[in-house]
Amino acid sequence: MQLTTTETRGIDIIELHGKVVGDEKQSRTFHDLVQSRLRQERLRFVVNLSDAPWVNSLGIGMLISAYASVKNRGGEMVLAGATERTGSMFDVTHLLRVFAVFDSMDDAVEYLIAFSRAGQ
């Protein structure tokens, strides 16, 4: 897995590229990135999965751990662009009860802007 980051309208976009297997190196890289942003008081994240064809159970754990860290700081993390395979996995595992998942990046960004305006 490779990751790239961008920022739009005050929201951190984390793009995951390739298989998300959540091995020790991937998890550490992702965790360090999120923690670095949190230390900068950056509290809104979109994780773009459109270029991640596969997420295994360790990858899910990596996402859940980051989500918990963000929520504990009063922030919000959402997912966008899940492939059909990845989206089905989130549905079957009932993770749609945990994560807000959006088809498009625009929808995810608009949701987080509304989240901020609501004073969350």
Side-chain angles (χ1 to χ4, degrees):
M1 170 190 84
Q2 299 289 323
L3 63 86
T4 56
T5 60
T6 57
E7 182 270 332
T8 185
R9 299 173 68 188
I11 296 167
D12 286 292
I13 310 294
I14 303 170
E15 297 184 21
L16 304 183
H17 307 277
K19 294 180 179 178
V20 182
V21 296
D23 63 27
E24 187 174 336
K25 181 179 178 186
Q26 284 184 10
S27 292
R28 175 60 46 205
T29 300
F30 190 75
H31 174 80
D32 289 349
L33 172 68
V34 171
Q35 291 301 315
S36 171
R37 297 297 200 270
L38 290 173
R39 283 190 297 275
Q40 297 171 28
E41 298 298 320
R42 311 248 341 151
L43 299 174
R44 299 177 298 166
F45 299 86
V46 176
V47 178
N48 184 354
L49 298 169
S50 63
D51 194 32
W54 176 263
V55 179
N56 73 3
S57 59
L58 293 173
I60 291 169
M62 176 186 84
L63 292 171
I64 290 172
S65 176
Y67 176 83
S69 293
V70 171
K71 291 300 273 189
N72 286 339
R73 295 285 298 271
E76 183 67 33
M77 175 183 281
V78 301
L79 307 178
T83 64
E84 184 176 333
R85 182 178 193 178
T86 302
S88 294
M89 180 270 311
F90 282 114
D91 185 33
V92 168
T93 58
H94 301 286
L95 287 171
L96 295 177
R97 295 179 185 170
V98 175
F99 291 103
V101 180
F102 298 90
D103 290 334
S104 75
M105 289 295 299
D106 289 340
D107 290 344
V109 168
E110 290 304 320
Y111 172 84
L112 289 175
I113 289 169
F115 172 84
S116 293
R117 287 184 185 143
Q120 299 291 330

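No donor-acceptor pair closer than 3.5 Å links the side chain of Asp91 to the backbone N or O of Gly87. The backbone N or O of Val21 sits less than 3.5 Å from a side-chain atom of Asn56, completing a donor-acceptor pair. Judged by distance alone, with hydrogens and angles left aside, the side-chain atoms of Thr29 form a donor-acceptor pair with the main-chain N or O of Lys25 at under 3.5 Å. Side-chain atoms of Arg73 come within 3.5 Å of backbone atoms of Leu38 as a donor-acceptor pair (strictly under, hydrogens ignored). Put simply, the side chain of Tyr67 gets close to the backbone of Val98: a donor and an acceptor are under 3.5 Å apart. With hydrogens and angles disregarded, no donor-acceptor distance shorter than 3.5 Å links the side chain of Thr83 to the backbone of Ser50.
Under the 4.5 Å side-chain contact rule for hydrophobic residues, Leu33 and Val55 share a cluster. Residues Ile13 and Met77 do not share a hydrophobic cluster, defined by chaining ILVMFWY side chains whose heavy atoms lie under 4.5 Å apart. Taking hydrophobic clusters as Ile, Leu, Val, Met, Phe, Trp and Tyr residues chained together by side-chain heavy-atom distances below 4.5 Å, Val20 does not share a cluster with Val46. Cluster annotation: Met105 and Phe90 are assigned to distinct hydrophobic clusters (Ile/Leu/Val/Met/Phe/Trp/Tyr, side-chain heavy-atom contacts under 4.5 Å, transitive). Cluster annotation: Leu3 and Trp54 are assigned to distinct hydrophobic clusters (Ile/Leu/Val/Met/Phe/Trp/Tyr, side-chain heavy-atom contacts under 4.5 Å, transitive).
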- Can Tyr111 and Val78 be said to form a side chain to side chain contact (heavy atoms under 4.5 Å, CB included), step by step? CA-CA 9 Å; Tyr111 172 84; Val78 301; 3.6 Å; yes
- Check the pair Asn48, Ile14 against side chain to side chain contact (heavy atoms under 4.5 Å, CB included), reporting the backbone distance first and the verdict last. CA-CA 6 Å; Asn48 184 354; Ile14 303 170; over 6 Å; no
- Task: With side chain to side chain contact (heavy atoms under 4.5 Å, CB included) as the test, would you mind laying out the steps for Arg9 and Ile113 before giving the verdict?
- Result: CA-CA 8 Å; Arg9 299 173 68 188; Ile113 289 169; 3.1 Å; yes
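There is a side-chain donor-acceptor pair under 3.5 Å between Asp107 and Ser104. Defined by atom type and a distance below 3.5 Å, a donor-acceptor pair is present between the side-chain atoms of His17 and Thr4. Remark: the Thr5 side chain and the Glu15 side chain contain no N/O donor-acceptor pair separated by less than 3.5 Å.
Nearest heavy atom pair, residue Ser27 against residue Gly22, reads OG-O, 3.0 Å. Annotation for Leu49 and Ala82: closest pair CB-CA, 4.1 Å, computed over non-hydrogen atoms. Residue Gln26 comes nearest to Met62 through the heavy atom pair O-SD, 3.8 Å, listed as atom of the first residue, atom of the second, then distance. Lys19 and Met1 make their closest contact through O-CB, 3.3 Å (heavy atoms, listed as atom of the first residue, atom of the second, distance).
In this structure, the separation between CG on Leu79 and CG on Leu16 is 9.0 Å, given to the nearest 0.5 Å. Atom NE2 in His31 sits 6.5 Å away from atom OG in Ser65 (nearest 0.5 Å).
Considering only heavy atoms from C-beta on, Thr6 stays 4.5 Å or farther from Thr8 through its side chain. Taking 4.5 Å as the limit, some side-chain heavy atom of Leu95 sits within range of a side-chain heavy atom of Ile64. At least one side-chain heavy atom of Thr86 sits less than 4.5 Å from a side-chain heavy atom of Met89. Using a 4.5 Å heavy-atom cutoff, the side chains of Arg85 and Pro53 are not in contact. Residues Phe45 and Val70 form a side-chain contact, since some pair of their non-hydrogen atoms from C-beta on lies under 4.5 Å apart.
By the neighbour-count criterion of 12 heavy atoms within 6.0 Å, atom CD of Glu84 is sparsely surrounded, having that number or fewer from other residues, nucleotides or ligands. Heavy atoms from other residues, nucleotides or ligands lying under 6.0 Å from CG of Asp23 number more than 12. The neighbour count for Glu24 CD, taken as heavy atoms of other residues, nucleotides or ligands under 6.0 Å away, does not exceed 12.
Under the 4.0 Å criterion applied to side-chain N and carboxylate O atoms, Glu7 and Arg44 are not assigned as salt-bridge partners.
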